[in-house]
2 protein chains.
Amino acid sequence: MDQEILKKYSNVDECPVRNVLDRIGNKWTLLVLLVLEEQQVLRFNELHTYISTISQKMLSVTLKSLEADGLVKRTIYPQVPPKVEYELTARAQSLLPLIHNLVDWSKTHINAIKTSRKHYELVTRK
Amino acid sequence: MDQEILKKYSNVDECPVRNVLDRIGNKWTLLVLLVLEEQQVLRFNELHTYISTISQKMLSVTLKSLEADGLVKRTIYPQVPPKVEYELTARAQSLLPLIHNLVDWSKTHINAIKTSRKHYELVTRK
DNA sequence: CGGTATCCATATCGATACTG
DNA sequence: CAGTATCGATATGGATACCG
């Protein structure tokens, strides 16, 4: 990893990982992916029911960015009242195993990490 | 994934993955981990040289949170001028393979994702 | 039903100056 | 050398009201 590559990777636009992490790193994306993985196809308000603590706005924003990245497919049924369905794409399916690895790692280490945080709080408190 | 679990996982404090992602999802953490993995042991200003675009403040903040989570070990040599060394812990070493998987996935899919984003821009522009 | 629009609170990030 | 303090800009997230 020489200076030039590091310089490039410090730039969000040019760094592949930052491009991806900036999306899955936000507050709701991961949860939406996991719910859609389990339920396969859901309408907007069904998703809202599963993830009741999200605001309508943030659910909309999250779904738009997932759709833009080609991770979620949005199907509109032209009827009244409108019906819109969301489901994962193959691209999202290929990402999900890595997410599950992260979930597993987190579950395994979260207790130790929280203990570390508390200890750090104590030793750094003046 | 029933309602109760979802409710819990919507809460950042109680969700293991969000706890971890909130850290590695921020702007500089991943880069610091990867540089420390490659260089093994570095002083504050050496890190700053490797990641030249980070501000002193953000490098300090990033290192503190990594130290708090037990992912980075900080060693102070009581001398003048001060000497402080940073290196990864075993906990961080166990996380790095998952990060490399994410890096690889991102590199593989970034072009298709960027193409999707451009296409999405076009079709949604009024 | 499936969203937008608007406004606001907070969190994150960065530039600059200063220090033991 | 290895930071901290302060201030300000920007990004993110949320509450509420409204709409085709």
Side-chain angles (χ1 to χ4, degrees), chain A residues 10-13 15 18-19 21-32 35-36 41-68 72-87 120 123-126, chain B residues 10-13 15 18-19 21-32 35-36 41-68 72-87 120 123-126:
Chain A
S10 299
N11 182 329
V12 172
D13 290 338
C15 173
R18 283 250 50 81
N19 255 279
L21 271 181
D22 280 352
R23 303 295 181 120
I24 71 168
N26 67 28
K27 191 164 175 179
W28 299 107
T29 300
L30 213 61
L31 202 49
V32 169
V35 169
L36 278 179
V41 182
L42 287 176
R43 299 174 65 172
F44 188 89
N45 276 338
E46 288 175 335
L47 264 166
H48 205 180
T49 305
Y50 276 96
I51 312 170
S52 55
T53 47
I54 195 175
S55 68
Q56 219 172 7
K57 170 187 168 182
M58 289 316 296
L59 181 54
S60 175
V61 167
T62 303
L63 285 170
K64 273 178 189 295
S65 90
L66 284 171
E67 191 194 352
V72 159
K73 180 181 154 202
R74 180 173 183 265
T75 309
I76 314 172
Y77 297 91
Q79 59 188 43
V80 181
K83 175 181 176 180
V84 180
E85 288 185 340
Y86 295 91
E87 61 190 308
Y120 182 83
V123 297
T124 56
R125 196 183 308 275
K126 303 303 176 301
Chain B
S10 299
N11 183 328
V12 171
D13 290 338
C15 173
R18 283 251 48 83
N19 255 279
L21 270 182
D22 279 353
R23 302 297 181 117
I24 72 168
N26 67 28
K27 190 163 178 182
W28 298 107
T29 302
L30 213 61
L31 201 48
V32 169
V35 168
L36 277 179
V41 182
L42 287 175
R43 301 174 64 169
F44 187 89
N45 276 337
E46 287 175 335
L47 264 167
H48 204 180
T49 305
Y50 276 96
I51 312 171
S52 54
T53 47
I54 196 176
S55 67
Q56 220 170 9
K57 172 187 167 183
M58 288 316 297
L59 180 55
S60 175
V61 167
T62 303
L63 285 170
K64 274 179 188 296
S65 90
L66 284 171
E67 190 194 355
V72 158
K73 181 181 154 202
R74 180 171 182 270
T75 311
I76 313 171
Y77 297 90
Q79 59 188 44
V80 181
K83 175 180 175 180
V84 180
E85 287 184 340
Y86 295 92
E87 62 191 307
Y120 183 83
V123 297
T124 56
R125 196 184 307 276
K126 302 304 173 302

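Computed from heavy atoms alone, side chains included, the values below leave out hydrogens, waters and symmetry copies. Residue numbers start from 1 in every chain, and the chains themselves are labelled A, B, ... in the order their sequence lines are given, proteins ahead of strands.
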Inset, instruction - Using atom CE of B/M58 as one end and atom C1' of D/dA5 as the other, report the distance to the nearest whole Å. - result: 15 Å
Inset, instruction - Answer yes or no: is there a side-chain heavy-atom contact under 4.5 Å between B/E85 and B/F44? - result: no
Inset, instruction - Provide, to the nearest angstrom, the distance between the CZ atom belonging to A/R18 and the P atom belonging to D/dA11. - result: 15 Å
Legend entry - Atom-pair distance (CD1 on B/I54; P on C/dG14), nearest Å: 8 Å
Legend entry - Side-chain N or O of A/R43 closer than 4.0 Å to phosphate OP1/OP2 of C/dG2: yes
Legend entry - Inter-end axis angle, the helix from C/dC1-D/dG20 to C/dG20-D/dC1, with every axis fitted to five base pairs (rounded, 10 degrees): 50°
Legend entry - N or O in side chain of A/K64 less than 4.0 angstrom from C/dT4 OP1/OP2: yes
Legend entry - Short side-chain N/O contact to D/dT4 OP1/OP2 from B/S60, under 4.0 Å: yes
Inset, instruction - Evaluate the side-chain contact (heavy atoms from CB on, under 4.5 Å) criterion for residues A/Y86 and A/L63: first the C-alpha distance (whole Å), next the side-chain angles of each, then the deciding distance (0.1 Å), finally the verdict. - result: CA-CA 8 Å; A/Y86 295 91; A/L63 285 170; 3.7 Å; yes
Inset, instruction - Give a yes/no on whether any side-chain N or O of B/R74 is located under 4.0 angstrom from OP1 or OP2 of D/dG3. - result: yes
Legend entry - Side chains of A/T75 and A/V84 in contact at under 4.5 Å (non-hydrogen atoms): no
Inset, instruction - In whole angstrom, give the distance that lies between atom CG of A/N26 and atom C1' of D/dA11. - result: 12 Å
Inset, instruction - Starting from the C-alpha separation in whole Å, work towards a yes-or-no answer on side-chain contact (heavy atoms from CB on, under 4.5 Å) for B/V32 and B/L59. - result: CA-CA 8 Å; B/V32 169; B/L59 180 55; 4.2 Å; yes
Inset, instruction - Find which nucleotide of DNA chain D each of A/S55 and A/P82 is nearest to by heavy atoms, and output the residue with the more 5' nucleotide. - result: A/S55
Legend entry - Distance below 4.0 Å between A/K57 side-chain N/O and D/dA17 OP1 or OP2: no
Inset, instruction - Take A/W28 and A/T53 through the test side-chain contact (heavy atoms from CB on, under 4.5 Å) and record every step on the way to the result. - result: CA-CA 10 Å; A/W28 299 107; A/T53 47; 3.6 Å; yes
Inset, instruction - Could you check how far CZ of B/F44 sits from P of C/dG20, rounded to whole Å? - result: 17 Å
Legend entry - Phosphate-side-chain proximity, A/Y86 and C/dG3, N/O vs OP1/OP2 below 4.0 Å: yes
Inset, instruction - May I have the distance from B/L59 (atom CG) to C/dG14 (atom C1'), rounded to whole angstrom? - result: 13 Å
Inset, instruction - Starting from C1' on C/dA15, measure out to NZ on B/K27 and report it in whole angstrom. - result: 13 Å
Inset, instruction - Rounded to the nearest angstrom, tell me the gap between atom CD in B/E46 and atom C1' in D/dC1. - result: 11 Å
Legend entry - Pair B/L42-B/E87, side-chain contact (heavy atoms from CB on, under 4.5 Å): steps then yes or no: CA-CA 7 Å; B/L42 287 175; B/E87 62 191 307; over 6 Å; no
Inset, instruction - Indicate yes or no: at least one non-hydrogen side-chain atom of B/R43 is less than 4.5 angstrom from one of B/K83. - result: yes
Inset, instruction - Look at the side chain of B/Q56 and decide which nucleotide, out of D/dG14, C/dC1, D/dA2, has an atom nearest to it. - result: D/dA2
Inset, instruction - Would you indicate which nucleotide in D/dC1, C/dG14, C/dG2 comes nearest to any side-chain atom of B/W28? - result: C/dG14
